Amino acid sequence: MDLVGNLALGFQTALSPAALLFCFLGVTLGTLIGVLPGIGAMAAIAMLLPVTYHVPPTEALIMLAGIYYGAQYGGSTASILLRLPGTPQAAVVTLDGYPMAQQGRAGVALFVTTIASFAGSVLGVLLLAGFAPLLARAAMAFQAPEYFALMVLGLMAAALLTQGSPLRGLIMVVAGLTLGTVGTDLQTGSFRFVFGRPELVDGIGLVAMAMGLFGVSEVIANAARGGAPAARRPRWREMIPSRADWRASAPAMLRGSGIGAGFGALPGTGSSIASFVSYAVEKRIARDPSRFGKGAIEGISAPEAANNAAAQTAFIPTLTLGVPGDAVLALMLGALIIHGIIPGPGLIEQQPTLFWGLVASFVLGNLMLLILNLPLIGLWISILRIPYRLLYPAILVFICIGVFSIRNSVFDIWLVLVFGGLGYGMRLLRFEPAPLLLGFILGPLLEQYLRRAMTVSRGDPMIFLERPISAAFLGLAAALLCWSLVSGLRRTRATPEA
Amino acid sequence: MSDGSGGASLARRLARPGVIGGALALAIGLWVMTEASGYPLGTARRMGPGYFPVLLGGLMAVLGTALALASLGGREAPRGDDERADPRALVAVLAGLAAFALLLPRAGLVPAVAGLVVIAAQGSGQMRPLGAVVLAVVLAALAWAIFRMGLGLPLPAFRL
Amino acid sequence: MKRLAALAAAALLATGPALAEDWPSRTVTVVVGFGAGSTPDLLARLVADGLQEKLGQPFVVDNRPGAGGNIGLDAVAQAEADGYTLGVTIPGPLIVNPMRMELMYDPGTDIRPITMLGTQPSVLAVNAELGVETLDELLEMLRADPGAYNYASIGVGSISHLAMEMVALASGTEIEHIPYTSSPEAVAAVIGGEAQMATMPPLAVLSHAAEGTLRLLAQTSGERMDVVADVPTFAELGLADVQAEAWNALVTTGGTPDAVVETLHDALAELLADPGMQERIAALGFQPVQMTPAEFEARIIEETPRWRSVLEAAGLLHE
């Protein structure tokens, strides 16, 4: 394959004025959507529908793709500054990013996540350019048992990434899985845990839940004692990471990108699992794992790189299998088909201009995002200069309107209230909400894959151990659990309760 | 006991977060199992809608029991930074959210934001009434300008 | 201050009750009971785009996949009867599933039919590695190893489900049913080997057949359709019972005012008569169709007994 020639063709397409303009529009809109959790995704889609159908497919795709990966950049901003994650990926970044902001290092955290986003994206694009057909074929080897095992591994990583007893993390994961079953059963269409409320038929809203568990509980905890120390007028020098920060972050970004790029090729769930797994990897290989959760810089750079790398490779299943991972990717698929281009295994060969133009636009778009996001950091940190007693009511307003706007539902505000109270209770009992969020996202899928695998095996659970890939994932998950139980025990012995 | 937990009285050990949390998880797990066993269970080969939740409820109950026992036995490392509950902030914030949910469909965006801000601002104990009202007016105006005018969300400023 | 008051007044006016004559005065949601990238989804997006242009308000597609499309149609049934929720559905949730199971909605009263949008054949595709070239060879393979094979479907009550049950019946063996929520997912499962066969819309299988990973054995329509002209019909191969078109249709909530339905129907009639639109619909593997609400209702009534007999034969009828 002539990669250089293909890329030349791609850049020729992506550097045309129209393509550059649409790319810029896309990444700008994406940044905005990413920064405002909950708000915008649906509104932006409604706004863009006419545009996508009436510009040529390559330009339409370049713009939609820009929104998709641009949103990944902004996603960490609200998580780091205010502990308001809109996705499980962003929830991972709160684990160490928010403590960094509390220590007055919000500028460094935002700077590092921006660089990590860029590094992850570029590595993801390289893999996409070089190995798309290979990754697509590898993804085909994944059937229900493999997906199930992979999710178990991801959930195990999520459960063990928190501080304290691994049992707490596991309880949170199971709680999340259970909350995920609320709504309509996908196979039979019967209702579960709906209690006659039509609003629950579609399940609990992810953003309402995340805003309650993270944002509202944080506001309650800090209302009286104040949030992050009020930053002085931010200076550039304070945002630039130190040499020690770079030394810790750079390899973490590389590892995160690799993990993310691999997982991204699996439709739908890849990037959230990748974030949690890469965080767990950093914590495991760190010389002093106890720094994690208290502002370890690897704890934000690795997952951030992972989720951006995954956002790039996520185009593989969308384009070569026609299986989109989320609403924006689905819109891309629609735009393609409206223009008579059918996603499928032959797409890369049949539409070289489109595919390579898209790949080249990813490179340009990520450069734009870098240039767009770095200057914004100063603006974002100045938010923290507002005294907390004035800031937190504004955060609540922001949460309420954002959650309401997702499906114009007042019921979702009540959910925020319930999960806010619940989150505060969990906080007092030392339960951390991040694993719950991953469990919630993966729950419905985990159940589908479990049911499918068991049907395929005619009810024999050995199918998970007979297939090498799934056995390997489950083995890894078990090893992770043992390792953490043993080391947890050792730590308890070392510091007996007084 | 070598880990020194023997010194704590039973009442103090029962009040540990791990014991309370574990007991709650056990209770919730059992409730989930009961509720879900009302749905068709199916077989392992063709699982019904109840199979997976029953499994989860059972798992939750087992994990909760394990956590409660481990914590009771002093197996859990203490954490110095346990925080005290702040009932004032809890009530103020949740009441503010309730006010928003009640006012939005009945009175519109501006009253809902104002209600949320005035009530929730009491949580800090550092806001004078006039300050809260001024903040409410400013935020309501901002919310209206950004979300109604800027993003065009279907949120009328006032309803009759 | 005056300006603020004026703006406030304008905001108040904008919230007055929506009149049926003014429809549409805000965003209309088009619910699809299948995942993104499935043929109903793509058709819905095409029609939504056209209606948006004709009627001047955004038409947004909302995917509610699951349970063979019942979940999506239920969302339409439960919506306000004001015309702001439309649905694109296949025969399954509208005709077949009410005869198969208890549902939350009654299509007769909770759903108002508007028009059929297009029909398409459904094509029986098998994983090429099975080495099966014809339907007869497939039946032989099933008989040689009863109960060993799985088929993928887009959900219960769909043609992709019932056609395979009829094939199973013809072979005298059982084939295990594994339901998915969209045709791309189901096809990916057949290529990956989780299932060995599936009856799918042409769009979902043609590119894979061209790659050589899938083999097309038969189609469900009464006569060979243009998109798959070289694939024999089930009837030609001696399975006359497996004859159904996988049509897609537009519906709305039962009790929606006549004025809304008329506006919508007129806009659709114009839209579907447009040669450009017909070409785009054809590109999805559909034969464009349009009918009045009354004609569509008559068609539903006419098809019901045929589906009933298929269900009866497959032993799937709900008592």
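All chains are named by letter (A, B, ...) in the order of the sequence lines, taking the proteins before the strands, and each is independently numbered beginning at 1. What you are looking at is a predicted structure, and each value in this text was computed from that prediction instead of being measured.
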Next item on the list: Carefully, step by step, assess C:Glu165 and C:Tyr151 under the rule side chain to side chain donor-acceptor pair (under 3.5 Å).
Entry: CA-CA 10 Å; C:Glu165 286 302 321; C:Tyr151 73 88; 2.7 Å; yes

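When each of C:Asn97, C:Val187, C:Asn70, C:Ile178 is checked for heavy-atom pairs under 4.5 Å with chain A, C:Ile178 comes out on top. Of the listed residues (C:Thr29, C:Leu42, C:Asp41), the one with the most heavy-atom contacts under 4.5 Å to chain A is C:Leu42.
With a threshold of 4.5 angstrom between heavy atoms, C:Glu53 approaches chain A through side-chain atoms but not through N, CA, C or O. Contact of C:Ala44 with chain A is not made at all, since no heavy-atom distance falls under 4.5 Å. Interface remark: C:Gln78 contributes no atoms to any contact with chain A (heavy atom separation under 4.5 Å). Heavy-atom distances place the side chain of C:Leu284, and not its backbone, under 4.5 Å from chain A. Looking at C:Asp74, only its side chain comes within 4.5 Å of chain A, counting heavy atoms on both sides.
At distances below 3.5 Å, not a single donor-acceptor pair connects side-chain atoms of C:Glu176 with backbone N or O atoms of A:Val456.
Under a 4.0 Å N-O distance rule, the pair C:Arg45/C:Asp49 does not qualify as a salt bridge.
Both tests hold for C:Arg26 against C:Tyr84: distance to the six-membered ring centre under 6.0 Å, angle to the ring axis within 45°.
Contacts of residues 447-454 of chain A with chain C at a heavy-atom distance below 4.5 Å involve A:Arg452, listed in sequence order.
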